[in-house]
**Q** 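What follows is a structure written as structure tokens; I'll ask about it next.
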There are 2 protein chains.
Amino acid sequence: MTTEVSPGAAPGAEDDGTRWLDAAEQRAWRAWLYSTQLLQERLERDLTRATGIPHAYYEILVQLSETPDRQMRMSELADRCLSSRSRLSHAVSRLEERGWVRREVCAEDGRGLLAVLTDEGFAALEAAAPVHVESVRTHLFDQLSPEQVAALEDIGRTLLRHLDPD
Amino acid sequence: MTTEVSPGAAPGAEDDGTRWLDAAEQRAWRAWLYSTQLLQERLERDLTRATGIPHAYYEILVQLSETPDRQMRMSELADRCLSSRSRLSHAVSRLEERGWVRREVCAEDGRGLLAVLTDEGFAALEAAAPVHVESVRTHLFDQLSPEQVAALEDIGRTLLRHLDPD
DNA sequence: GCGGAATAGATGAGCCCTCAACTACGCTCA
DNA sequence: TGAGCGTAGTTGAGGGCTCATCTATTCCGC
């Protein structure tokens, strides 16, 4: 039994209707699975060790910082961070405890809340950004040729059209 | 402030020594980050909903099933699963509770333990495999051209040489 | 053989995430 | 105007992971 190849693929190749992976797909799958897992763990570890900020929280700070008044509705923030509402709610609570974000009531919609990036939060992001970029560069872009970078973008965009059609 | 581009990149482009990302790198980074995140979440959700098996546990069952006697030293299993010793130890405990794996003392090394895949564990893997392959095919390979699949393998291998030089 | 370093693995605290409720507010239509 | 439905966001339980720590065993040099 292998991951994605039929249990009997080598000898008998029974047909159970499953579209098992061929050898090239199997190799690509393993390469993607292992490289993304290791890269994510590496980036996460570099960032948290140096700054104490998990990448998911870093992403929240980034999204808020990119907005004109450094504030955003919770649900829009969740969408931009590819986060569930629940996850964002928990995360913003933690960021509030650190004093990096605060919640404000939303004037237009009594149900809504605004997440606001504080000056402390912005400072934390400014301190973390160079560390994180260096890590991304070291473990990703320094390893790839310009052609590979272009292919990576192409593949990523292709997958996003399917996974997140907006 | 953007993720990987200097805070002042647009107007002043101050030089603080950080090797910020250029526009193409920024696009590739976002495409990789979002697509891997969504794809992993999607595969994880498909697998756990249909079978109750998290992907990390599935990987353990796969590795054990690929070995001749369906057993392996804990530390080798951890290496093959790209897992920490601690993570594997916790995971095998959960798998033992389900009756899918059992631990056996290792004859050659009194410190060591063998993780053994049970018949129930093998059956669980056999049931889960078609579901998982279908998910991988639907969300990954059905979306990509053969050239993209080849590029994906190439990029993954390149990154693995750096991240996991064995 | 014996003392110290290295290796194998387990364990528990703490953190993050998911999932399934749950509250609160707005919108629509009779 | 108020019943019902949809939307915004929160909450708590439960599970998986990390990190530091701990025990047990083996290896190695003297």
Side-chain angles (χ1 to χ4, degrees), chain A residues 36-38 40-61 71-98 100-116, chain B residues 36-38 40-61 71-98 100-116:
Chain A
T36 55
Q37 184 174 332
L38 287 175
Q40 281 178 336
E41 287 173 0
R42 187 65 200 242
L43 296 176
E44 180 74 21
R45 212 155 41 85
D46 284 356
L47 185 60
T48 55
R49 291 234 167 134
T51 70
I53 309 178
H55 189 262
Y57 290 12
Y58 181 87
E59 185 71 22
I60 293 172
L61 300 182
Q71 61 183 35
M72 204 183 293
R73 284 289 294 271
M74 290 291 286
S75 43
E76 187 183 351
L77 186 53
D79 289 345
R80 295 213 193 195
C81 294
L82 300 183
S83 169
S84 70
R85 309 299 168 92
S86 171
R87 178 153 113 208
L88 182 73
S89 186
H90 284 297
V92 166
S93 295
R94 300 300 153 268
L95 291 171
E96 250 184 329
E97 290 167 9
R98 299 195 196 193
W100 290 352
V101 169
R102 68 171 184 279
R103 279 181 244 241
E104 278 184 16
V105 295
C106 178
E108 304 96 63
D109 189 336
R111 298 165 299 182
L113 288 177
L114 289 166
V116 183
Chain B
T36 55
Q37 184 174 335
L38 286 175
Q40 282 177 336
E41 286 173 0
R42 186 65 199 241
L43 297 175
E44 179 74 22
R45 213 155 41 86
D46 284 356
L47 185 60
T48 54
R49 292 234 168 133
T51 70
I53 308 178
H55 190 262
Y57 290 13
Y58 181 87
E59 185 70 22
I60 293 172
L61 301 181
Q71 60 184 38
M72 203 183 293
R73 284 289 295 273
M74 291 290 285
S75 43
E76 187 182 351
L77 187 53
D79 289 346
R80 295 213 194 197
C81 294
L82 299 184
S83 169
S84 69
R85 309 298 167 91
S86 170
R87 177 153 115 208
L88 182 73
S89 187
H90 285 296
V92 167
S93 296
R94 299 300 153 269
L95 291 171
E96 250 184 328
E97 290 168 9
R98 299 194 196 194
W100 291 351
V101 169
R102 67 171 185 279
R103 279 182 243 242
E104 278 183 16
V105 295
C106 178
E108 306 95 61
D109 190 334
R111 297 165 298 181
L113 288 177
L114 289 165
V116 184

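Residue numbering restarts at 1 for every chain, and letters A, B, ... go by the order of the sequence lines.
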**Q** Hey, are the side chains of B/Leu43 and B/His55 touching, using non-hydrogen atoms and a 4.5 Å cut-off?
**A**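 Side-chain contact under 4.5 Å: no.
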**Q** Nearest heavy atom decides the nucleotide; on that basis, is A/Arg94 or A/Asp109 closer to the 5' end of DNA chain C?
**A** A/Arg94
**Q** Measure from the side-chain N and O atoms of B/Thr51 to the backbone N and O of B/Leu47, and report whether any donor-acceptor pair falls under 3.5 Å.
**A**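 Such a contact is found between B/Thr51 side chain and B/Leu47 backbone.
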**Q** Any side-chain to backbone donor/acceptor pair from B/Ser89 onto B/Arg85? Under 3.5 Å, distance only.
**A**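 The answer is no, because no donor-acceptor pair under 3.5 Å joins these two groups.
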**Q** Please evaluate residues B/Ile53 and B/Trp100 with respect to the criterion side-chain contact (heavy atoms from CB on, under 4.5 Å), reporting the C-alpha separation (whole Å), side-chain torsions for both, the decisive distance (0.1 Å), and the verdict.
**A** CA-CA 11 Å; B/Ile53 308 178; B/Trp100 291 351; 3.7 Å; yes
**Q** I want to check something: taking the side chain as every heavy atom from C-beta on, are A/Leu113 and A/Val105 in contact at a cut-off of under 4.5 Å?
**A** yes
**Q** Please state how far atom CZ in A/Arg87 lies from atom P in D/dA8, giving the value in whole angstrom units.
**A**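 The answer, rounded to whole Å, is 18 Å.
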**Q** Any side-chain N or O of B/Tyr57 under 4.0 Å from OP1/OP2 of D/dG15?
**A** no
**Q** Looking across every strand, which nucleic acid part, if any, lies under 4.0 Å from B/Thr48 by heavy atom: base, sugar-phosphate, or nothing?
**A** nothing
**Q** For A/Arg73 and for A/Glu41, locate the closest nucleotide of DNA chain D by heavy-atom distance; then report the residue assigned to the nucleotide nearer the 5' terminus.
**A** A/Arg73
**Q** Would you kindly give the CG-to-C1' distance between A/Leu47 and D/dT18, to the nearest whole Å?
**A**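 Nearest whole value for this atom pair: 15 Å.
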**Q** Tell whether A/Ser86 reaches the base of D/dT11 with its side chain through a donor-acceptor pair below 3.5 angstrom.
**A**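 Answer yes: a donor N or O sits under 3.5 Å from an acceptor.
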**Q** Just the endpoints, please: which first and last nucleotides of DNA chain C, 5' to 3', lie under 4.0 Å from a heavy atom of chain A?
**A**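 Listing 5' to 3', DNA chain C meets chain A from C/dC16 to C/dG26.
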**Q** Given atom CG of A/Leu114 and atom C1' of D/dA8, what is their separation to the nearest angstrom?
**A**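 Roughly 12 Å, once rounded to whole Å.
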**Q** Any donor-acceptor pair, under 3.5 Å, between the side chain of A/His90 and the base of D/dG9, if you only look at N and O atoms?
**A**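 Donor-acceptor pair under 3.5 Å: no.
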**Q** 5'-most contact on DNA chain D: A/Arg111 or A/Ser75, nearest heavy atom basis?
**A** A/Arg111
**Q** To the nearest angstrom, how far is A/Arg42 atom CZ from D/dT18 atom C1'?
**A** 16 Å
**Q** Whole angstroms only, please: what is the CD-P distance between B/Gln40 and D/dC17?
**A**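 So the CD-P distance, B/Gln40 to D/dC17, works out to 13 Å.
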**Q** Hey, are the side chains of B/Glu41 and B/Gln37 touching, using non-hydrogen atoms and a 4.5 Å cut-off?
**A**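 Yes, their side chains come closer than 4.5 Å.
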**Q** Considering heavy-atom distances to DNA chain C, does B/Arg49 or A/Pro54 have its closest nucleotide positioned more toward the 5' end?
**A**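 Its nearest nucleotide lies further toward 5', so the answer is A/Pro54.
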**Q** Applying a 4.0 Å non-hydrogen cut-off, can you work out what A/Ala56 is touching in the nucleic acid: base, sugar-phosphate, or nothing?
**A** sugar-phosphate
**Q** What pair of heavy atoms forms the shortest contact from A/Gly52 to A/Arg98, and how long is it?
**A** O-NH1, 3.1 Å
**Q** Quick one: stems for DNA chain C, with Watson-Crick or G-U pairs under 3.5 Å, at least three in a row?
**A**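 In DNA chain C, stems of three or more pairs: C:1-30 with D:1-30.
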**Q** When the distance from CD1 of B/Ile53 to P of D/dG15 is rounded to whole Å, what number comes out?
**A**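 In whole Å, D/dG15 P lies 16 Å from B/Ile53 CD1.
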